[in-house]
Amino acid sequence: MDTNKVKFVLVETSNGGNIGAAARAMKTMGLSDLALVNPCEYRTYETYARASGAEDLLDNALVVDSLAAAVADCTLVIGTSARLRTLSWPQIEPHEFSTSFEAAGADGKIAVVFGRERSGLSNEELALCSQLVVIPSVASFSSLNIAAAVQVLAYEVRRVSLQAETALVATPTKKAPGELPATHEELEHMYKHLESTMIDTGYLDPGNPRMMMPRMRRLFNRTGMNRSEVQLIRGLLGSLQKAINRINSSA
Ligand code: SAH
């Protein structure tokens with residue numbers, strides 16, 4: 001496991017000091033890929049003071065205006081949360097990172113996403129994550145400072161990478177392009193296609209969506225789709241749409 005494959009994404013962090021402290025936490029664990037989604041004004045004295053030696057991560061950070069843009073090149077997106085959500089998402093503990101990383105394949109990029117200091121990640125943002133990692137803090141006081149959460153999870157990434165270095169594992173065989181894990185962007189196109197087809201068949205009522213799309217996402221995300229499997233589902237959706245068009249034109 002190469003730590004260069006892992007990107008940490010901070011969503012709408014409102015305190016520059018936290019961004020600086022997160023950069024420092026990452027750098028101590030060999031991580032350098034930092035993305036900031038709509039950050040506060042962070043080029044301040046406090047941010048750089050708290051980064052204390054990790055200024056390069058701040059200077060090279062990717063700044064974007066949506067989580068989707070930050071994770072477009074990733075094959076695995078893992079959200080983080082201090083608490084359980086209503087729609088139970090596949091949830092892992094930090095020590096289970098290694099299993100998730102293996103499933104992402106050797107070529108994919110992995111994102112670990114951190115939420116706002118006050119309100120965490122929105123349900124729409126969580127929908128982009130296929131798993132949720134929860135640091136098992138005490139239930140009565142479960143919320144860590146964001147930079148502390150970054151430190152814990154950066155350490156877990158480091159632990160996995162050190163294990164991989166020492167393990168006597170065979171080099172993975174080169175995969176055919178279709179066998180590569182689908183990127184987040186490819187999956188998003190598939191979900192859009194699925195949603196519009198479900199609306200066209202009448203299965204999904206946009207006025208009363210009944211959490212159908214989050215449930216579909218949860219189902220597909222659990223499978224860890226590769227590129228050719230995405231094509232398979234999109235082929236099916238295309239054929240359904242052709243059938244609907246035929247019915248509509250003969251009606
Ligand atoms: N009230 C918010 C807390 C946000 S804390 C909520 O309930 O979600 C800010 C961020 O730090 C969280 O979005 C998450 O990314 C991270 N974090 C804090 N405590 C955590 C924990 N116990 N496990 C995993 N991530 C945590």
Side-chain angles (χ1 to χ4, degrees), residues 3 6-29 31-42 46-47 50-51 54 57-58 61-71 74 76-101 104 109-160 184 214 217-218 221:
T3 46
V6 184
K7 171 183 341 200
F8 274 25
V9 183
L10 310 188
V11 177
E12 293 195 355
T13 313
S14 56
N15 178 293
N18 281 337
I19 296 179
R24 179 178 183 177
M26 287 172 64
K27 190 163 174 175
T28 58
M29 297 295 141
L31 293 171
S32 57
D33 199 348
L34 172 64
L36 305 171
V37 178
N38 287 331
C40 60
E41 179 43 59
Y42 67 97
E46 195 202 351
T47 307
R50 297 281 302 279
L57 268 69
L58 299 173
L62 170 78
V63 179
V64 287
D65 63 5
S66 71
L67 178 57
V71 301
C74 297
L76 174 67
V77 182
I78 303 178
T80 61
S81 176
R83 62 192 161 95
L84 295 176
R85 303 281 163 160
T86 39
L87 183 72
S88 63
W89 228 238
Q91 202 175 298
I92 59 168
E93 287 199 8
H95 72 272
E96 291 168 304
F97 261 176
S98 55
T99 321
S100 306
F101 289 176
K109 222 172 155 50
I110 297 159
V112 184
V113 185
F114 297 84
R116 298 160 188 80
E117 287 96 332
R118 260 174 224 102
S119 55
L121 294 167
S122 69
N123 285 332
E124 291 71 39
E125 287 156 354
L126 281 172
L128 303 185
C129 304
S130 53
Q131 291 172 333
L132 210 53
V133 59
V134 180
I135 300 165
S137 45
V138 293
S140 56
F141 195 64
S142 61
S143 182
L144 278 74
N145 165 267
I146 183 172
V150 166
Q151 184 73 77
V152 171
L153 297 179
Y155 167 66
E156 283 299 330
V157 174
R158 168 102 178 131
R159 217 170 51 79
V160 175
H184 174 76
R217 280 170 180 273
R218 191 173 51 164
N221 280 343

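Read the numbers this way: they start at 1 and go in the same order the structure lists the ligands and their atoms.
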Can you check whether [X] has an N/O within less than 3.5 Å of an N/O in ligand 1?
X    : result
I135 : yes
E117 : no
S142 : yes
L121 : no
I146 : no

| query | Of the backbone atoms (N, CA, C, O) and the side-chain heavy atoms from C-beta on, which set of L153 has a member under 4.0 Å from an atom of ligand 1: side chain, backbone, both, or neither? | reply | neither
| A82, portion touching ligand 1 at heavy-atom distance under 4.0 Å | both
Which ligand 1 atoms does [X] reach within 4.0 Å, using its non-hydrogen atoms?
X    : answer
S137 : 22 (N)
R118 : 1 (N), 2 (C)
V133 : 24 (C)
V134 : 23 (N)

Quick one: does [X]'s side chain get under 4.5 Å of [Y]'s, heavy atoms only?
X    : Y    : answer
L144 : Q151 : no
L67  : E124 : no
M29  : T3   : no
F97  : L153 : yes

| request: Check the surroundings of atom CZ in R217: do more than 12 heavy atoms from other residues, nucleotides or ligands lie under 6.0 Å from it? | output: yes
| message | Checking side-chain contact (heavy atoms from CB on, under 4.5 Å) between V113 and each of L126, V77, L132, which is the one that passes? | response | V77
| task | Carefully, step by step, assess V37 and E125 under the rule side chain to side chain contact (heavy atoms under 4.5 Å, CB included). | result | CA-CA 11 Å; V37 178; E125 287 156 354; 5.9 Å; no
| message | Looking at non-hydrogen atoms alone, which of S122, A147, S143, A149 comes nearest to atom 26 (C) of ligand 1? | response | A149
| remark: Tightest non-hydrogen contact, residues A25 and A154, listed as O-CB, 4.1 Å
